[in-house]
Every structure is written in structure tokens, then in C-alpha cells.
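The next block holds one structure in the form of C-alpha cells; read it before the comments.
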Amino acid sequence: MKTVWYGDFPLGRFGLVEEDGALTHLLLPGTPEPAGCGLGKTPLLQRAAQQLGEYFAGRRQVFDLPLSPRGTLFQCRVWEALQKVPYGETCTYKDLAVAVGIPKGFRAVGMANHCNPIAILIPCHRVVGTNGSLTGYAGGLDMKAALLKLEQGSQRNG
């Protein structure tokens, strides 16, 4: 059974979804929850909420949570590569395409980014256009900019 918990954080109301002992979704504000969820706050969801709060407070750079995003083999490869982009840094869609072995597949990488069900924890907000511009983010470009600013500010202060 999937369990969902909602909490208020500096950038809005987020949802966390757990299934079979791992996080499967981080619901950005306004994102509908997956079908079949029951409300609750399991120990894992409590830990995830605490770590997310620490992240927004600038006190956490790495999440220590079991993640189980569901997607195609290609999407999972992209999401795995995303987790290697260091806190406070960015890469381009082209960089990510090279990292997953498809140098000309930056559009496919962009689509995989768009389908990332565990945003922030799998940091798709750290991917920018080739010229450094902010492009596409499920939570909107304002949220993407705020997440990058948070990370860059925390890195300088930490």
C-alpha cells in the first residue's frame, strides 16, 4: 500500500509517498498524488520530512533515504546520473546525455528529467540549458531558481 504525507515547507506544500519501505514520489505543490494512496506518517515519511526540512534550512546537502522511482530503464539511468550532480552545482542536459552514454540524447534526457517522480531528492533542478539558462521544471522556473539559490547560498555559508 502507498502512504502519503503532506507538509508545509518554505516553497509550498509538498507530499511524500512511500511504498514497500522506500520513497516513490515527492509531490511538488499542486501535483496530484498517485492513485491508491492512504494518508499517514510512517517512520520513513517522518525521516524524509525531517531531511527535507533540513535541506530547506540549508543544513542538509545529501539525503539518506531509500528511493524507488518507477520508470523505464533509460529514465532510471538518467535519474541515477542526476544523483551524482553535486549539491550547489549544475550540469547541462548535454552533460547528462554524455554521462548516460547517449551524447546526442539531450532531448530524451530532458524528457526523463520531466518524468522524475522524486524531484529535489533526485536533483533534476540542477540541470540547466547549454548556455546556463534555466529551462523546464515541473515545479516552475521560480521554484527551480529558488532551489539553486538555496544550494548555492548554503554552500557559500557552509
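No hydrogens, no waters, no symmetry mates; every other heavy atom, side chains included, goes into these values. Since the model is a prediction, treat every value here as computed from it, not as a measurement.
K144 has its side chain out of reach of C124: every pair of non-hydrogen atoms, C-beta onward, lies at least 4.5 Å apart. Counting only heavy atoms from C-beta outward, the side chains of L11 and L150 never approach each other to under 4.5 Å. The closest side-chain heavy-atom distance from T24 to P117 is not below 4.5 Å. Contact of the L39 side chain with the T3 side chain is not registered, since no non-hydrogen atoms from C-beta on lie closer than 4.5 Å. Contact of the H125 side chain with the N113 side chain is not registered, since no non-hydrogen atoms from C-beta on lie closer than 4.5 Å. Between L23 and L45, some side-chain heavy-atom pair lies under the 4.5 Å cut-off. With a 4.5 Å cut-off on side-chain heavy atoms, V85 and T90 do not count as touching. Side-chain contact between L82 and R126 is absent, with no heavy-atom pair separated by less than 4.5 Å.
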Identify each donor-acceptor pair in which a side-chain atom of residues 130-141 lies under 3.5 Å from a protein atom, sequence neighbours left out, and give them as a table.
unit_1	atom_1	unit_2	atom_2	d
N131	OD1	S133	N	2.9
N131	OD1	S133	OG	2.7
T135	OG1	Y93	OH	3.3

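Using a 30° and 60° split on the angle between ring planes, F14 and F9 fall in the perpendicular class, above 60°.
In this structure, the separation between CG on L28 and CD1 on I118 is 11.5 Å, given to the nearest 0.5 Å. Here the straight-line distance linking atom CG of D64 with atom CG of L121 works out to 11.5 Å at 0.5 Å rounding.
Between the side chain of K104 and the backbone N or O of A97, no donor-acceptor pair lies under 3.5 Å. Distance alone, capped at 3.5 Å, is enough to place a donor-acceptor pair between the D95 side chain and the T92 backbone. Proximity of a side-chain donor or acceptor of Q75 to a complementary backbone N or O of T72 within less than 3.5 Å is detected. In this structure, the side chain of K2 engages the main chain of A35 through a donor-acceptor pair within 3.5 Å.
A ring pair (Phe, Tyr, Trp, His ring centres under 6.0 Å) check over residues 58-84, counting only residues at least two apart or in different chains, returns the pairs Y55-F63. Contacts classified as salt bridge (Lys or Arg N to Asp or Glu O under 4.0 Å) and involving residues 15-39 (residues at least two apart or in different chains) are given here: E19-R70.
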Taking it one step at a time, do L27 and L16 satisfy side-chain contact (heavy atoms from CB on, under 4.5 Å)? CA-CA 6 Å; L27 306 173; L16 294 160; over 6 Å; no
Can you list the steps and then say if V100 with E80 is a side-chain contact (heavy atoms from CB on, under 4.5 Å)? CA-CA 9 Å; V100 298; E80 203 172 294; over 6 Å; no
Candidate pair L148 and E89, rule side-chain contact (heavy atoms from CB on, under 4.5 Å), full reasoning: CA-CA 8 Å; L148 291 172; E89 295 184 23; over 6 Å; no
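Considering every non-hydrogen atom in both M1 and G38, the closest pair reads CE-CA, 3.8 Å. The two residues Q152 and G88 have their closest heavy-atom pair at CG-O, 3.6 Å. Between C76 and P69, the closest heavy-atom pair is SG-O, 4.2 Å.
Cluster membership for L44 and L52, using ILVMFWY side-chain heavy atoms within less than 4.5 angstrom, is shared. Hydrophobic cluster membership is shared by L26 and I122, with clusters built from Ile, Leu, Val, Met, Phe, Trp and Tyr side chains linked at under 4.5 angstrom. When hydrophobic clusters are built by joining Ile, Leu, Val, Met, Phe, Trp and Tyr residues whose side-chain heavy atoms come closer than 4.5 Å, directly or via intermediates, W5 is grouped together with I120. Each of V98 and L96 belongs to its own hydrophobic cluster when Ile, Leu, Val, Met, Phe, Trp and Tyr are linked at side-chain heavy-atom distances under 4.5 angstrom.
A side-chain N or O of Q50 and one of E54 form a donor-acceptor pair less than 3.5 Å apart.
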